[in-house]
Amino acid sequence: MLNVNETTYDVPADVVDAIGKEVRLAAVQLNRYPDREFSVLREKLAEYLNRDLVSESEPATLTAENIWAANGSNEIMQHILQAFAGPGRSVLSFPPTYSMYPLYARGTYSEYIAGTRAADFTQSPADVAAQIREHRPNVVILCSPNNPTGTALSLETVEAAYAAAEESDTMVVVDEAYGEFRQSGTGSALALLPGRERLIVSRTMSKAFALAGGRLGYLAAAPEVTDAMRLVRLPYHLSAVTQATAIAALDHSATLMANVERIKDQRDRIVRTLEQMGLRPAPSDANFVFFGGLTDEKAAWQHLLEDGILVRDVGIPGHLRVTAGTEAETSDFLASLQRFITSATA
Ligand SMILES: *Cc1c(COP(=O)(O)O)cnc(C)c1O
């Protein structure tokens, strides 16, 4: 299954053990409501993000006050739109992008505005800023790296978006669900947080932490933003079991990030090999690769499926999206696609 950008490695055994121990401890107190402020988890998330910032030689400035968490970034986005969008208010994002954004808008009775991208699906600072100035939305969602195209935004683009957004009091959300997979040299919008109180960076443990089933998304922003989240969350929205699971995984982030490096290697291998096949992969900062150059993407998708490989047809003619899996999964995918290309041109 290379279609929904999960980590295809199982959770490593020592992390499974640690989660088991932490959840067992939590079980003793399950007669009580959980810590509604999830203080330990917020501290650990701040520490984790600060390490990310330090690796970019930026000052490590985040504290628990900057962090909010919820049941997946799905709920994070819902909280953001409940607080800052809603009836009579609008949300702008830039398709092709994460297909859930219009649904979050609909679910909060917000107006959804579909912005546009360049023909190669990239976004320039000037174009993003112009569209924000034109629509003056209450919330703009930037997805970096973008799903399904895989390419990250330059920090100049985020800065330009923010400067335009300030003129209309627009909240700027950067969805960095795949942030850990970015190429060295690609910056995180976390570095832009100081002094920008309308900027929100959303992250998740679903991808890099191999914890899609654990349901833990989080954001970093000004303390005033996390305070606004307290107004819209349901009481005790993060269960004690969820908190325990996430804390144990964060304590083992080094083990989990080793798999991230392996996946990045396979991602880069996919891009190189697809280029050699004469296809057109987009530059990827994610754990998946979006590629064009197919004359019949539906036939390619079907051919891969018959070889037992499920990839994503994202509805863009000539293109498919594939998740970077283990080395063996990647080899199977590349071999199957090569057979398809050979038979199609034979
Ligand atoms: C996978 C993904 C998420 C993750 O959502 P969760 O609810 O945290 O599992 C968020 N944003 C994008 C763009 C994604 O592709």
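For ligands, and for the atoms within them, numbers begin at 1 and follow the listed sequence.
Contact detail for Arg321 and Val311: the closest heavy-atom pair is O-CB, 3.5 Å.
For the pair Arg182 and Asp52, the salt-bridge criterion is met [side-chain N within less than 4.0 Å of a carboxylate O]. Residues Arg196 and Glu159 are paired through a salt bridge, judged by an N-O separation under 4.0 Å between the basic side chain and the carboxylate. A salt bridge is defined here as a Lys NZ or Arg NE, NH1 or NH2 lying under 4.0 Å from an Asp or Glu carboxylate O, and Glu167 with Arg133 meets this definition.
The protein heavy atom nearest to atom 7 (O) of ligand 1 is Asn74 ND2, 2.4 Å. Of the protein's non-hydrogen atoms, Ser206 OG, 2.7 Å is the one closest to atom 9 (O) of ligand 1. Looking from atom 11 (N) of ligand 1 to the surrounding protein, the closest heavy atom is Asp175 OD2, 2.8 Å. Protein heavy atom nearest atom 15 (O) of ligand 1, with residue, atom name and distance: Tyr178 OH, 2.6 Å.
Using a 4.0 Å cut-off between heavy atoms, Ser73 contacts ligand 1 through both its backbone and its side chain. With a 4.0 Å heavy-atom cut-off, ligand 1 is reached by no atom of Glu75.
The local environment of CZ in Arg280 is sparse, with at most 12 non-hydrogen atoms from other residues, nucleotides or ligands closer than 6.0 Å.
Listed by number with element, the atoms of ligand 1 under 4.0 Å from a non-hydrogen atom of Ala177 are 2 (C), 3 (C), 10 (C), 11 (N), 12 (C), 14 (C). Per-residue contacts place Thr204 under 4.0 angstrom from the following atoms of ligand 1 (heavy atoms of the residue considered): 6 (P), 8 (O). Proximity to Arg215 (heavy-atom distance under 4.0 Å) selects the following atoms of ligand 1: 6 (P), 7 (O), 9 (O).
The shortest N/O to N/O separation between Asn71 and ligand 1 does not fall below 3.5 Å. Checked against a 3.5 angstrom limit, the closest N/O atoms of Tyr101 and ligand 1 fall outside it.
Not a single heavy atom of Asn5 sits closer than 4.0 Å to an atom of ligand 1. Residue contacts with ligand 1: Gly72 is included, with a non-hydrogen atom under 4.0 Å away. Using 4.0 Å as the threshold, Cys143 has a heavy atom nearer than that to some atom of ligand 1.
Each of Ser188, Ser202, Ser144 was checked for a side chain to side chain donor-acceptor pair (under 3.5 Å) with Glu176, and the lone residue meeting it is Ser188.
Side-chain atoms of Asp307 do not come within 3.5 Å of backbone N or O of Ile309 as any donor-acceptor pair. Side chain of Ser73 to backbone of Ile76: no donor-acceptor contact under 3.5 angstrom is found.
Of the N and O atoms on the side chains of Asn146 and Arg117, at least one donor lies less than 3.5 Å from an acceptor on the other residue.
When the heavy-atom distances from atom 3 (C) of ligand 1 to Gln78, Met77, Lys207 are ranked, the shortest goes to Lys207.
Linking ILVMFWY residues whenever their side-chain heavy atoms come closer than 4.5 Å, directly or via other members, leaves Val232 and Trp68 in distinct clusters.
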